[in-house]
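In what follows, a single structure is set out as structure tokens and then discussed.
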There are 2 protein chains.
Amino acid sequence: MDISARADYAVRALLVLAEDADGDVAHPADELARRAGVPAKFLEAILGDLRRAGFVTSRRGSRGGYLLARDPHDVTLGSVLRTVDGPLAEVRGQRPHETHYDGAAQHLATVWVAARAALRDILDETTLADVLAGDLPAHVRALAEPPEAWQSR
Amino acid sequence: MDISARADYAVRALLVLAEDADGDVAHPADELARRAGVPAKFLEAILGDLRRAGFVTSRRGSRGGYLLARDPHDVTLGSVLRTVDGPLAEVRGQRPHETHYDGAAQHLATVWVAARAALRDILDETTLADVLAGDLPAHVRALAEPPEAWQSR
DNA sequence: TATATTTCCTAGTTGTCCACTAGGTTTTAT
DNA sequence: ATAAAACCTAGTGGACAACTAGGAAATATA
């Protein structure tokens with residue numbers, strides 16, 4: 001699992017937007033970049049992707065900027081990662097379920113599919129609102145709770 | 001989760017070796033390449049990594065080749081992937097537990113750590129012997145069982 | 001002991017993607 | 001009219017991925 005800078009920045013910018021999802025005020029890319037701590041020009045490009053994918057809307061010109069287009073409760077991290085980074089899981093550039101093995105490796109595809117399913121269980125169940133509130137789904141919290149989850153291997 | 005060609009090939013070659021883990025016969029890289037269906041010269045390089053990491057031993061010269069150095073029951077897919085591809089999970093080049101966020105993204109690290117833990121639960125629990133026998137751990141099978149696990153998103 | 005076999009090592013090559021930056025054009029509130 | 005912003009095109013530099021080529025050293029066997 002390689003979360004790219006793009007993906008990380010996308011999520012962080014959306015979280016900042018979700019934080020201020022109150023009114024009708026648009027947030028310029030510069031402001032978001034400053035508050036999320038990411039490179040401004042790069043974020044501008046990422047916000048373009050997020051707009052085309054329907055996560056944010058934009059207003060041009062003075063007083064312009066970006067607004068969250070959806071309820072933070074309905075935006076999963078998985079959906080963000082997919083639009084910015086492509087599929088959650090790939091094996092040699094193929095989707096896990098499209099891999100085909102024979103002989104000794106026959107059952108390998110099952111493992112890859114299981115690994116992807118495990119990822120989906122986390123990323124497609126966790127929303128912007130969850131992260132913002134620090135109130136993660138129970139099974140997510142359970143996985144991150146044991147101290148060894150926070151150690152290297 | 002991006003399983004590289006290197007990693008995929010490494011696992012497949014090890015599975016072939018595990019299949020024939022009977023006697024004292026060494027298997028040349030060419031043979032493994034043919035039987036696993038991977039490029040020979042490339043596999044040679046990968047086998048070098050696997051040797052240095054202690055997964056296989058090698059014999060040079062005529063009648064030489066590679067032998068599995070460990071019991072297939074003790075070789076997890078996770079350990080293979082790590083030696084060949086590096087850490088299972090990274091966020092912008094950092095380990096998940098080393099990421100540091102503040103403000104709206106404060107709890108993001110917890111999600112990344114949970115995602116990695118989910119991956120570990122699969123990949124560090126599944127061994128070469130499991131895959132070879134098609135007898136995967138119960139929770140792995142459970143994850144791969146539902147039909148939607150085999151579909152795109 | 002000559003020979004074929006095989007690992008081992010160094011060094012490419014080609015292409016792709018990643019993380020950004022630069023600079024201009026269009027839109028729009030004030 | 002002006003300033004603020006999104007938007008768009010084009011780069012750039014570096015890293016890495018997936019290989020390939022070719023030779024040097026080791027070793028069983030005829």
Side-chain angles (χ1 to χ4, degrees), chain A residues 1-13 17 24-53 55-69 81 83-87 90-94, chain B residues 1-13 17 24-53 55-69 81 83-87 90-94:
Chain A
M1 187 190 54
D2 275 5
I3 308 293
S4 67
R6 281 184 85 77
D8 186 53
Y9 295 166
V11 172
R12 282 155 70 181
L17 278 178
D24 191 48
V25 258
H27 301 275
D30 307 31
E31 179 206 326
L32 295 177
R34 203 172 11 84
R35 288 175 58 190
V38 316
K41 252 333 204 171
F42 191 23
L43 181 58
E44 213 181 296
I46 298 167
L47 284 165
D49 290 346
L50 293 175
R51 177 179 49 84
R52 280 181 285 274
F55 289 96
V56 299
T57 53
S58 63
R59 278 189 209 142
R60 306 179 77 168
S62 182
R63 288 269 159 175
Y66 295 90
L67 295 128
L68 201 57
L81 298 197
T83 65
V84 162
D85 263 6
E90 282 185 332
V91 179
R92 282 179 53 217
Q94 297 175 37
Chain B
M1 186 189 55
D2 276 4
I3 307 294
S4 68
R6 281 184 83 77
D8 187 52
Y9 295 166
V11 172
R12 283 156 68 181
L17 278 177
D24 191 48
V25 257
H27 300 275
D30 306 32
E31 180 206 324
L32 295 177
R34 200 171 15 81
R35 288 175 58 189
V38 315
K41 247 343 201 165
F42 191 24
L43 181 59
E44 213 181 296
I46 298 167
L47 284 165
D49 290 346
L50 293 175
R51 177 179 49 84
R52 280 181 285 275
F55 288 96
V56 300
T57 52
S58 63
R59 278 187 211 144
R60 306 178 79 169
S62 181
R63 289 268 159 176
Y66 295 89
L67 294 128
L68 200 58
L81 298 196
T83 66
V84 163
D85 263 6
E90 283 186 332
V91 179
R92 282 178 54 218
Q94 296 174 38

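Please read all numbers here as calculations on a predicted model, not as lab measurements. In what follows, every heavy atom counts, from backbone to side chain, and hydrogens, waters and symmetry copies are set aside. Just so we're on the same page: letters track the sequence lines, and every chain starts at 1.
In this structure, B:L43 atom CG and C:dT6 atom P are separated by 14 Å, rounded to whole Å. Protein atom OH of A:Y66 is 14 Å distant from nucleotide atom P of C:dT28, rounded to whole Å. Separating the CZ atom of A:R52 from the C1' atom of D:dC8 is a distance of 9 Å, rounded to the nearest angstrom. Between B:E44 atom CD and D:dC19 atom P the separation is 15 Å, expressed in whole Å. Between the CZ atom of A:F42 and the P atom of C:dA22 there is a distance of 14 Å, rounded to whole Å. In this structure, the CG atom of A:D8 is 11 Å from the P atom of C:dC20, given to the nearest Å. When rounded to the nearest whole Å, the span between NZ of A:K41 and C1' of C:dC18 equals 18 Å. Separating the CG atom of A:L81 from the P atom of C:dC18 is a distance of 14 Å, rounded to the nearest angstrom.
Distance from the side chain of A:A29 is smallest to D:dA6 among D:dA6, C:dT7, D:dA18.
Taking 4.5 Å as the limit, some side-chain heavy atom of A:I3 sits within range of a side-chain heavy atom of A:L81. The side-chain heavy atoms of A:L50 and A:V84, taken from C-beta on, include a pair separated by under 4.5 Å. A heavy-atom distance below 4.5 Å is found between the side chains of B:L47 and B:L32.
Put simply, A:R63 has no side-chain N or O that comes within less than 4.0 Å of OP1 or OP2 on D:dA3. The side chain of B:Y9 places an N or O atom within less than 4.0 Å of a non-bridging phosphate oxygen (OP1 or OP2) of D:dC19. Contact between the side-chain N/O atoms of B:S58 and the OP1/OP2 oxygens of C:dT6 is not found at any separation under 4.0 Å.
Within 3.5 Å, a donor on the side chain of B:R60 pairs with an acceptor on the base of C:dT7, or the reverse.
Heavy atoms of other residues, nucleotides or ligands lying less than 6.0 angstrom from CZ of A:R92 number more than 12.
Nearest-nucleotide mapping onto DNA chain C: of A:A5 and B:G61, the residue sitting toward the 5' end is B:G61. In this structure, A:A40 and B:S62 both approach DNA chain C, and ranking their closest nucleotides by distance from the 5' end singles out B:S62.
Look at A:R34 and A:E31 and you find no salt bridge, because none of the NZ, NE, NH1 or NH2 atoms lies under 4.0 Å from a carboxylate O.
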